[in-house]
Asks: 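Dumping the structure here so I can ask a few things about it.
Both backbone and side-chain heavy atoms feed into the values below; hydrogens, waters and symmetry mates do not. As the structure lists them, so they are numbered: ligands from 1, and atoms in each ligand from 1. Fair warning: this is a prediction, and the values are worked out from it, not measured in the lab.
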Amino acid sequence: MKIVIIGQGAIGLLWYRYLSLSNNNNVQLICSKNITRPPKRFTFTSLDNKSEQIDLVTASQESIKSADLILLCVKAFQVVDAIDSVKCTINQSAVIALCHNGMGVAEKLPQRIIKKHNILSMLITHGAKANASFNITHTGNGKTDIGSVYGKLNNHTKERILKTLNNALPNVYWQHSVKQQQWEKLAINCVINPITAINNIKNGQVNNIEYKQEISETIAELVTIAQMEGVNLTSESLITTVKKVASLTAENTSSMLSDILAARKTEIDNINGYIHQLGIHHKIATPQNTFFWQQVNSLEKRK
Ligand SMILES: NC(=O)C1=CN([C@@H]2O[C@H](COP(=O)(O)OP(=O)(O)OC[C@H]3O[C@@H](n4cnc5c(N)ncnc54)[C@H](OP(=O)(O)O)[C@@H]3O)[C@@H](O)[C@H]2O)C=CC1
Ligand SMILES: CC(C)(CO)C(=O)C(=O)O
């Protein structure tokens, strides 16, 4: 399969490494404009702490034209620009997969993309960390849920993509209602990310009693908004899921806290900000999510 990965961050290089292991795949990378001379190799450290050098091939605009799968591994707020930076005409049959946290992105893609291509959402729970530029570590084993958000994929293409991804980095599951999964992942990020970023704590500390009220209010608001969007969730099971993820990733620094500490833009607009915006749209107050959104925004601006 001809695969173009967009984004030289932790997740982009994680997929690059595993997908390029198979001779059946031709994998190429598009880096951000900040990378003027991409290296010929990058360093990859596996879960069992073995480091290796992986050959890296960067994609020309020409090769994008013939890609079967374009995998966008950029932050939520970078997706639209990343697609816009592809100036050539993408092959009509190319499938575009969006691998990011947060929501409200696919609907902002240009119409020329939405109308022509099958768009997939890819929700990944693997952990990957960039130690330096083009040097990443696979830090946590996880899974990937994938499903259609625009277009109707034929079964052959769906099976081909699923098999290719599963052979590379299992376990990958096709989700017929990926929207449900997106909301569940959103709930996890709406709680763990702002609480860790605002309080400068590790994920595990989110389960401390002092955050109990904030967690239940965040989730209750999210469940109400999800319902307005046609997604049925229950607060109790979401709170259980959030607590489980916080325990399983107890020693992790969340991506939002890492971004704040490194003075980078966070994905807050696509996480609690997404709930806040939908609250305005549906005329429903979302005070806890709005508060988190504002707090993290002001932390970003302080840097
Ligand atoms: N890392 C993890 O463990 C997990 C991450 N995720 C999610 O996956 C997504 C990607 O995460 P991650 O890889 O960690 O993020 P990073 O910020 O490490 O990587 C994003 C990369 O994309 C590059 N980029 C930005 N714009 C473009 C563009 N127009 N063309 C090409 N490349 C571009 C960035 O370059 P530059 O820095 O120069 O802008 C950066 O190298 C995020 O939404 C994250 O929340 C989800 C689960 C786990
Ligand atoms: C699940 C969690 C909270 C793990 O750290 C995450 O997705 C993030 O940090 O963005």
Asks: Do any N/O atoms on Q8 end up under 3.5 angstrom from N/O atoms on ligand 1?
Replies: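 By distance alone, the answer is yes.
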Asks: Mark up the atoms of ligand 1 that fall under 4.0 Å of a heavy atom belonging to I30, in ascending order.
Replies: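 Numbered from 1, ligand 1 contributes 31 (C), 32 (N).
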Asks: Work out whether the distance between some heavy atom of K33 and some atom of ligand 1 is less than 4.0 Å.
Replies: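 Outside the 4.0 Å threshold, so no.
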Asks: Are side-chain N/O atoms of Q8 and S32 paired as donor and acceptor at under 3.5 Å?
Replies: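 Note: Q8 and S32 side chains meet the donor-acceptor criterion.
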Asks: Which pairs of nitrogen or oxygen atoms, taken one from ligand 2 and one from the protein, are under 3.5 angstrom apart?
Replies:
unit_1, atom_1, unit_2, atom_2, d
ligand 2, 5 (O), N203, ND2, 2.9
ligand 2, 7 (O), N101, ND2, 3.4
ligand 2, 7 (O), N189, ND2, 3.1
ligand 2, 9 (O), S255, N, 2.8
ligand 2, 9 (O), S255, OG, 3.4
ligand 2, 10 (O), N101, ND2, 3.1
ligand 2, 10 (O), N193, ND2, 3.2
ligand 2, 10 (O), S255, OG, 2.5

Asks: Answer yes or no for atom 24 (N) of ligand 1: protein heavy atom present at a distance under 4.0 Å?
Replies: yes
Asks: For S237 and T240, which I'm curious about, is there any donor-acceptor pair between the side chains at under 3.5 Å?
Replies: no
Asks: Give the numbers and elements of all ligand 1 atoms closer than 4.0 Å to a heavy atom of N34.
Replies: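 Result: 36 (P), 38 (O), 39 (O).
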Asks: Within the 3.5 Å criterion, strictly below it, is a donor on N203 or T249 matched to an acceptor on the partner's side chain?
Replies: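 Short answer, yes.
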Asks: Number the atoms of ligand 1 from 1 as they appear, then name those within less than 4.0 Å of a heavy atom of C31, with their elements.
Replies: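 Under 4.0 Å from C31, ligand 1 has these atoms: 30 (N), 31 (C), 32 (N).
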Asks: What protein heavy atom lies closest to atom 43 (O) of ligand 1? Include the residue and the distance to one decimal.
Replies: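 Nearest protein contact, heavy atoms only, for atom 43 (O) of ligand 1 is E267 OE2, 2.6 Å.
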Asks: If we check side chain to side chain contact (heavy atoms under 4.5 Å, CB included) with V172, which of these qualifies: D145, I161, T144?
Replies: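 Exactly one option meets the side chain to side chain contact (heavy atoms under 4.5 Å, CB included) with V172, and it is T144.
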Asks: For residues S258 and T253, is any side-chain donor paired with an opposing acceptor at under 3.5 Å?
Replies: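 On atom types as modelled, these side chains do not qualify, holding no pair under 3.5 Å.
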Asks: Between the side chains of Q53 and T43, does any donor sit under 3.5 Å from an acceptor?
Replies: yes
Asks: Just go through G9, G7, C99 and tell me whose heavy atom is the nearest to atom 16 (P) of ligand 1.
Replies: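 Comparing heavy atoms across G9, G7, C99, the nearest one to atom 16 (P) of ligand 1 lies in G9.
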Asks: Going by atom types only, do K202 and N252 share a side-chain donor-acceptor pair under 3.5 Å?
Replies: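 Side-chain D/A pair, K202 to N252: absent.
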Asks: Does a donor on one side chain and an acceptor on the other come within less than 3.5 Å for Q28 and S63?
Replies: yes
Asks: What protein heavy atom sits nearest atom 15 (O) of ligand 1, and how far away is it?
Replies: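 Atom 15 (O) of ligand 1 sits closest to the protein heavy atom K75 CE, 3.7 Å.
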Asks: Could you tell me the residue and atom name of the protein heavy atom closest to atom 14 (O) of ligand 1, and the distance to it rounded to 0.1 Å?
Replies: A10 CB, 3.8 Å
Asks: Among all protein heavy atoms, pick out the one at the shortest distance from atom 1 (N) of ligand 1; state its residue, atom name and that distance to 0.1 Å.
Replies: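 Among all protein heavy atoms, the one nearest atom 1 (N) of ligand 1 is A128 O, 2.9 Å.
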Asks: With N272 as reference, evaluate T218, N289, N189, T290 under the side chain to side chain donor-acceptor pair (under 3.5 Å) test and give the passing residue.
Replies: N289
Asks: Measure the distance from atom 29 (N) of ligand 1 to every protein heavy atom, then report the residue, atom name and distance (to 0.1 Å) of the closest one.
Replies: A82 CA, 3.3 Å
Asks: Just checking, any donor-acceptor pair under 3.5 angstrom between side chains of H100 and E267?
Replies: no
Asks: Against heavy atoms of H126, which atoms of ligand 1 measure under 4.0 Å?
Replies: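 Per the distance check, 3 (O), 48 (C).
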Asks: Would you compute the distance between atom CD1 of I192 and atom CG of N207 and round it to the nearest 0.5 angstrom?
Replies: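 Spacing of CD1 (I192) from CG (N207) equals 7.5 Å.
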Asks: What atoms of ligand 1 come closer than 4.0 angstrom to any heavy atom of I6?
Replies: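 Near I6, the atoms of ligand 1 are 30 (N), 31 (C).
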Asks: Would you check the N or O atoms of I124, main chain and side chain alike, for any that come under 3.5 Å of an N or O of ligand 1?
Replies: no
Asks: What atoms of ligand 1 come within less than 4.0 Å of a heavy atom belonging to G127?
Replies: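 So the atoms of ligand 1 that pass are 3 (O).
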Asks: List the atom of T139, the atom of A128, and the distance in Å for their closest heavy-atom pair.
Replies: OG1-N, 3.4 Å
Asks: Identify the two heavy atoms, one from Y16 and one from V27, that lie closest to each other, and give their separation to 0.1 Å.
Replies: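 Answer, listing the atom of Y16 first, then V27: OH-O, 3.3 Å.
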Asks: With sequence neighbours left out, what residues match N167 under side chain to side chain contact (heavy atoms under 4.5 Å, CB included)?
Replies: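 Residues passing side chain to side chain contact (heavy atoms under 4.5 Å, CB included) with N167: K163.
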Asks: For atom 11 (O) of ligand 1, what's the nearest protein heavy-atom neighbour? Residue, atom name and distance, please.
Replies: I11 CG1, 3.7 Å
Asks: Taking ring-ring contact (aromatic ring centres under 6.0 Å, His included) as the cut-off, I'd like each qualifying pair that reaches into residues 101-154, sequence neighbours left out, listed once.
Replies: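 For residues 101-154: Y18-H138, H126-H138.
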Asks: Sequence neighbours excluded, which residues qualify as side chain to side chain contact (heavy atoms under 4.5 Å, CB included) partners of N154?
Replies: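 Expected list: H156, T157.
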Asks: Looking only at protein heavy atoms, which one is nearest to atom 7 (C) of ligand 1, and how far off is it?
Replies: N101 N, 3.8 Å
Asks: For ligand 1, which atoms sit closer than 4.0 Å to a heavy atom of H100?
Replies: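 This gives 8 (O), 9 (C), 43 (O) as the contact atoms.
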Asks: Consider every N or O of S32 and every N or O of ligand 1, then say whether any pair is closer than 3.5 Å.
Replies: yes
Asks: Less than 4.0 Å is my threshold; does some heavy atom of C73 fall inside it relative to ligand 1?
Replies: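 Right, C73 reaches ligand 1.
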